[in-house]
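The shown structure was predicted, so the numbers you read here are calculated from the model rather than taken from an experiment. Just so we're on the same page: letters track the sequence lines, and every chain starts at 1. No hydrogens, no waters, no symmetry mates; every other heavy atom, side chains included, goes into these values.
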Number of protein chains: 2
Amino acid sequence: MAKDRPLQFSVDRSSPVPLYFQLSQQLEAAIERGELAPGSLLGNEIELAGRLGLSRPTVRQAIQSLVDKGLLVRRRGVGTQVVHSQVKRPLELSSLYDDLEAAGQRPATRVLRHTAEPAGAEAAAALGVPEGAEVVLVERLRLAHGEPMAHLRNHLPAGLLDLDGGALEETGLYRLMRAAGITLHSARQSVGARAATAEEGERLAEPVGAPLLTMERTTFDDTGRAVEFGSHVYRASRYAFEFQLLVRP
Amino acid sequence: MAKDRPLQFSVDRSSPVPLYFQLSQQLEAAIERGELAPGSLLGNEIELAGRLGLSRPTVRQAIQSLVDKGLLVRRRGVGTQVVHSQVKRPLELSSLYDDLEAAGQRPATRVLRHTAEPAGAEAAAALGVPEGAEVVLVERLRLAHGEPMAHLRNHLPAGLLDLDGGALEETGLYRLMRAAGITLHSARQSVGARAATAEEGERLAEPVGAPLLTMERTTFDDTGRAVEFGSHVYRASRYAFEFQLLVRP
DNA sequence: GAGGTCTGATTGTCCGGACATAAGGTGGGG
DNA sequence: CCCCACCTTATGTCCGGACAATCAGACCTC
């Protein structure tokens, strides 16, 4: 089992980066590059710890973080092995902008509306504010290669964020929120489908009655405060949600 | 901060259940029941460990598991507090059957087809078998309250599982797999929408052209082997995917 | 040869301690 | 009165060790 020693890991104790994190990053990179073959054993923790001059708990913490990411599988009495399957992107709270950018689609955004309005019943309930309270409403059209992809409608609590129209055209909403110091924590989503109305059809260049993919999402920060409520409509002919999910053991 | 002591936790050292797990379950139950108010501090780890007669690492392990579930938030220098938001079900690999059952819908299944067939190009690629190799094909109609909800088409590698027609009508496919000792690990999913064909419309009692929600999913076990490829179609008028997702910190 | 049994390997759990780091409040100085 | 340095508090990281539980394979018995 310990016949081949193709890779050498090393840690820098003078770095402020935690040791377990340094190791987990090196392991992940080695897996990504295929230097750690799928299915291959990782070698036992004790020996790995000794070789690196680390304690076993530290090595375990590094390994555990990759197990949580779905890259490794541990089996008692057997060892830790690299998972075979092609783990890509385990469904994260990403904005459509980032998705398109990652796919090399050069996304563009057109801000259709950016106003302060009294909250309707649905938005008020989602954001946890009284009905009629003032909220920020942003409506955007997201394009890829000049073609409309989706119509995005977002409600935000008033005063949460100082939205700049220019920034909104150049990046996603989540990135702006994170940049403003908001720690996104969780989101409640609902994905469905419906036929396009006349107005939606015109906006998205689809015929009336064409199938559209819809998503409603309420996002919370780590204090439990709702920071965004979105109602989005995607062209089903051009877009589908792709993601990977892990089974919680 | 430590003024109120409304709850007392306790662990049983003679139990085979790990101590950290006993504690995390009690904490989770207390949060669920509202005995630990959202936003309230949990009290520092050292003191909690001392009160329970546990070591700090054990207490940390218990807390960490709830942080991973999204129920708690830790802040250095501040403490650990219960998250405000309503965390429900953090998107898991659940079968439609379980979803409907949990919603009190009394699901029923009609097996339309259950044969061994040569794999088509798509199914072969997804399952990682040569095209034309024999695979098991299962087609089911899922009903709730006697109304059709979805048409489920699953391909399985030959010999993976001994599917019983009767069992298929009474439970979900994933439950059967788990019962057969298969450890589900991850799944790659794609969710989209399209207009109903004549055949689909008839099966699902929807007019031709009605919007349908589609999902394709390939599921892998912990050895990286593909154990299932499904192409499912849901009535958009009756069903939407609802889930909660956490932001990986 | 088929079956159960022992044994080695490896992860799982747990302990008690140590120091580092960040957040928040407090007091002093400008 | 405001701002900065300091202190307190709590989590974050790390160590070295101990024993238990489980798996796979070799071994032995029938």
Side-chain angles (χ1 to χ4, degrees), chain A residues 1-3 9-25 27 39-68 71-83 181 183 221-223 249, chain B residues 1-3 9-25 27 39-68 71-83 181 183 221-223 249:
Chain A
M1 294 50 188
K3 48 166 87 84
F9 302 108
S10 65
V11 293
D12 174 10
R13 297 197 91 93
S14 69
S15 162
V17 178
L19 301 178
Y20 78 90
F21 192 74
Q22 292 183 37
L23 177 55
S24 74
Q25 279 195 318
L27 285 169
S40 65
L41 273 301
L42 200 58
N44 77 54
E45 300 168 347
I46 313 262
E47 195 241 348
L48 182 56
R51 223 169 54 203
L52 288 169
L54 296 174
S55 71
R56 190 179 163 218
T58 302
V59 172
R60 273 182 72 77
Q61 194 174 359
I63 292 177
Q64 187 59 47
S65 72
L66 296 183
V67 171
D68 291 341
L71 294 172
L72 297 176
V73 178
R74 320 176 89 140
R75 249 183 274 232
R76 187 188 300 206
V78 178
T80 305
Q81 43 188 320
V82 181
V83 86
T183 317
D221 73 357
D222 60 358
T223 69
Chain B
M1 292 55 187
K3 49 167 86 85
F9 302 108
S10 64
V11 293
D12 174 11
R13 297 197 91 95
S14 68
S15 162
V17 178
L19 301 178
Y20 79 89
F21 192 74
Q22 293 184 35
L23 176 55
S24 74
Q25 279 195 319
L27 285 168
S40 65
L41 274 302
L42 200 58
N44 77 52
E45 300 169 348
I46 312 263
E47 194 241 350
L48 182 55
R51 222 168 53 201
L52 287 170
L54 297 174
S55 71
R56 189 177 163 220
T58 302
V59 172
R60 274 183 71 77
Q61 194 174 0
I63 292 177
Q64 188 58 48
S65 72
L66 297 183
V67 171
D68 291 341
L71 294 173
L72 297 176
V73 178
R74 320 175 89 138
R75 252 183 270 241
R76 188 187 300 210
V78 178
T80 304
Q81 42 188 321
V82 181
V83 87
T183 315
D221 73 357
D222 60 358
T223 70

I need the [atom1]-[atom2] distance between [X] and [N], as an integer number of Å.
| X | N | atom1 | atom2 | answer |
| --- | --- | --- | --- | --- |
| A:Gln61 | D:dG16 | CD | P | 15 Å |
| A:Leu42 | C:dT10 | CG | P | 12 Å |
| B:Arg74 | C:dT21 | CZ | P | 18 Å |
| A:Tyr20 | D:dC14 | OH | C1' | 11 Å |
| B:Arg13 | D:dA20 | CZ | P | 13 Å |
| A:Asp12 | D:dC14 | CG | C1' | 16 Å |
| A:Asp222 | C:dA23 | CG | P | 12 Å |
| B:Gln81 | C:dG24 | CD | C1' | 13 Å |

_Regarding B:Arg60, tell me which of base, sugar-phosphate or nothing describes its non-hydrogen contacts under 4.0 Å with the strands shown._
base

*How is A:Pro57 classified with respect to the nucleic acid when contacts are heavy atoms under 4.0 Å: base, sugar-phosphate, or nothing?*
base

For the residue pair [X] and [Y], establish whether any side-chain heavy-atom pair is separated by less than 4.5 Å.
| X | Y | value |
| --- | --- | --- |
| B:Thr58 | B:Leu52 | no |
| B:Leu54 | B:Arg13 | yes |
| A:Val83 | A:Leu72 | no |
| A:Leu66 | A:Thr80 | no |

_Return whichever of A:Pro16 or B:Val17 has its heavy-atom-nearest nucleotide of DNA chain C closer to the 5' end._
B:Val17

*For D:dC15, take OP1 and OP2 only and decide whether either is under 4.0 Å from a side-chain N or O of A:Thr58.*
yes

*Within the pair B:Ser55 and C:dG17, is there a side-chain N or O less than 4.0 Å away from OP1 or OP2?*
no

*Expected output: side-chain A:Glu45 to main-chain A:Val59 donor-acceptor under 3.5 Å*: no

*Using heavy atoms to find the nearest nucleotide of DNA chain D for A:Arg76 and B:Val78 separately, return the residue whose nucleotide is more 5′.*
B:Val78

_Nearest heavy atom decides the nucleotide; on that basis, is B:Thr80 or A:Val59 closer to the 5' end of DNA chain D?_
B:Thr80

*Choosing from C:dC15, D:dA10, D:dC14, which nucleotide comes nearest the side chain of B:Leu19?*
C:dC15

*Looking only at side-chain atoms of B:Pro18, point me to the closest of C:dC14, D:dT11, D:dC15.*
C:dC14

*On a plain distance test, is the side chain of B:Arg56 in donor-acceptor contact with the base of D:dG12 below 3.5 Å?*
yes

